[in-house]
Amino acid sequence: MSGGCRVRFAPSPTGYLHVGNARTALFNWLFARHHGGTFLLRIEDTDRERTGAAYEKEILESLKWLALEWDEGPDRGGPLGPYRQSERMERYAPWLERLLGDGRAYPCYCTDEELEAERASLLARREAPRYLGRCRDLGPGERLRMEREGRRPAYRFRVEEGTVEFRDLIRGPVRFDGRSVGDFIIVRSNGIPAYNFAVVIDDHFMEVSHVIRGEDHLSNTALQLMLYASLGWEPPSFAHHSLILGEDRSKLGKRHGSVSVREFRERGFLPEALVNYLALLGSSLEGGREICPPEEMVSRFSLERAGKSGAVFDGEKLRWMNGVYLRQVSPERLLEAATPFLEGAGCDPRALGRERVLAVLDALRFNVETLADAVPFLPVFFSPSVSFDPEAAALLKKEESKEVVGAFAGLLSRGGKGPYREWAGGASKQTGKRGKALFLPLRAALTGRLSGPELDRVYDLLPPEILELRMAEALRT
Ligand code: GLU
């Protein structure tokens, strides 16, 4: 393909960015970067009741956090803007006029109650709910009468008989029967353009070449293709990827747990890991390899492979992948990602000094799968005392533990902060304890818990007075 492809991600700001939508954004971004094209962001906020500026802000932040940078969008402009539908309202009206003039659209005066009654009676007859065309052929007199009754019309597109066919870039040939679709609303009675109408006009004028979105939009595509044909416009290519499923194989939703990018961020996932997971969800690279840096993702990206069959979201696997990333990112990157967690836990990274904090995080990254997992360990490095968890406290109460801790404490107070191995060896010699019987009491005394980062690294990172304090506190339990 030539370099000129233009793709878009078009979220409606009605909530936080769902990981399923983030995956749609990712596929568009990968497609654009792979083909050297343009990725644009369009905010679909015509429905002022359901959308909110706060959600728009949050979606932009989540996309930036995932490093899915767009080339044109509401915040950075571009040649074919504006990129917010609420700022494009006057652009839709001429096309309604045109469809009305061509007889492809008509005003519909049906009230919500009338439409609901029609729907209920179709459902009662086990027929697909659709508009049966009550206002399709109203004469000018009848229209006038309706207007006099104070009814404000919505505008519907006149669907013609026949099939709509297209070749989906992921799913191959797709066919829709026009009869199953009733005349659909393109402009609501409050003057707001409906989704299908606004999208066609925006995609056309923003010169979108490929529409990549979830398969829940397949039936919309049929309607949009009808609009392209009646407006005499060349439609873009379409690709509908499968959706992310929960473990019960229904569409991933809140009942399955965390679903927004924001939640994953707050739970201590790295964007690198989330992006990698979403890109490969349900598939892997050759040899079953699953860790893939972004440049490689871009060079290997293929739409056909991207989302054919529904993939089950596996939170455990994401945790595992996040752990891999936590261990492989640079110390600086780790510090950047961990800073909100440090601050949230009341640990001031500046108080400890940058080098020390880097060393703390480096010690912790081998024991955790998310940054949130690291939080319970932070007092080990940031507070003078630690609180002993019940298991550690129970262990420290035992006489043989006190012996070990006492021996170690004695070496510390007599010889100062010597090398950990030497003091541990000394305590072993004095008490005859080795292995777990030696290390678990020391770990409990130093960290307040029975598992955690390498003990010698904890020891190295703590100043002598804190080591002594913790030993004394452990002996008092
Ligand atoms: N605003 C629509 C949504 O969030 C966009 C669908 C599309 O890509 O056309 O589902």
Side-chain angles (χ1 to χ4, degrees), residues 5-32 37-60 62-63 66 68 70 72-74 80 82-89 92 164 166 168-171 174 176 184-186 188 192-228 233 235-244 251-253 259-262 303 306-307:
C5 77
R6 288 175 60 83
V7 293
R8 88 299 194 273
F9 177 55
S12 306
T14 53
Y16 295 146
L17 183 65
H18 184 288
V19 281
N21 288 336
R23 184 158 166 261
T24 303
L26 172 62
F27 286 167
N28 278 283
W29 181 84
L30 285 168
F31 187 83
T38 304
F39 175 47
L40 49 111
L41 177 66
R42 180 174 71 228
I43 298 296
E44 307 216 314
D45 58 349
T46 52
D47 184 346
R48 303 306 275 172
E49 275 166 27
R50 293 181 57 228
T51 59
Y55 286 134
E56 174 185 320
K57 185 165 168 273
E58 198 281 334
I59 290 172
L60 265 63
S62 286
L63 290 170
L66 292 168
L68 303 179
W70 49 97
E72 298 170 22
L80 301 175
Y83 293 86
R84 225 178 252 118
Q85 283 186 331
S86 58
E87 292 165 17
R88 301 174 65 82
M89 286 305 192
Y92 306 115
V164 175
F166 71 98
D168 189 281
L169 294 177
I170 294 175
R171 310 162 67 90
V174 180
F176 283 96
F184 57 91
I185 290 183
I186 51 177
R188 286 192 269 272
I192 306 277
Y195 158 73
N196 281 305
F197 186 56
V199 156
V200 164
I201 293 167
D202 290 343
D203 283 342
H204 175 72
F205 285 103
M206 291 181 178
E207 298 176 11
V208 169
S209 60
H210 296 76
V211 169
I212 304 167
R213 61 188 170 198
E215 66 186 12
D216 48 341
H217 283 290
L218 260 176
S219 55
N220 285 326
T221 300
L223 309 187
Q224 291 172 19
L225 283 166
M226 294 177 196
L227 287 168
Y228 278 106
W233 295 340
S237 299
F238 288 95
H240 294 88
H241 62 76
S242 63
L243 303 181
I244 306 183
K251 189 175 158 187
L252 185 73
V259 286
S260 69
V261 169
R262 179 195 175 108
L303 246 194

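Quick caveat: nothing in here was measured; it's all calculated off a predicted structure. Counting convention: from 1, in listed order, for ligands and their atoms alike.
Minimum interatomic distance between Asp47 and Thr51 (heavy atoms only, all atoms of both residues): O-OG1, 2.9 Å.
The backbone N or O of Ile212 lies less than 3.5 Å from a partner atom in the side chain of Asn28, making a donor-acceptor pair.
Ion pairing between Arg8 and Asp202 fails under the 4.0 Å rule for side-chain N and carboxylate O.
Aromatic rings of Tyr195 and His217 (six-membered ring for Trp) have centroids within the 6.0 Å cut-off, being under it.
A side-chain donor-acceptor contact under 3.5 Å links Gln224 and Asn196.
Protein residues having a heavy atom under 4.0 Å from any atom of ligand 1 are Arg8, Ala10, Pro11, Ser12, Glu44, Tyr195, Arg213, His217, listed by chain and number.
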Under 3.5 Å, which donor-acceptor pairs do the side chains of residues 13-21 form with other protein atoms, sequence neighbours left out?
| residue | atom | partner | partner atom | Å |
| --- | --- | --- | --- | --- |
| His18 | ND1 | Gly20 | N | 2.7 |
| His18 | NE2 | Leu252 | O | 3.0 |

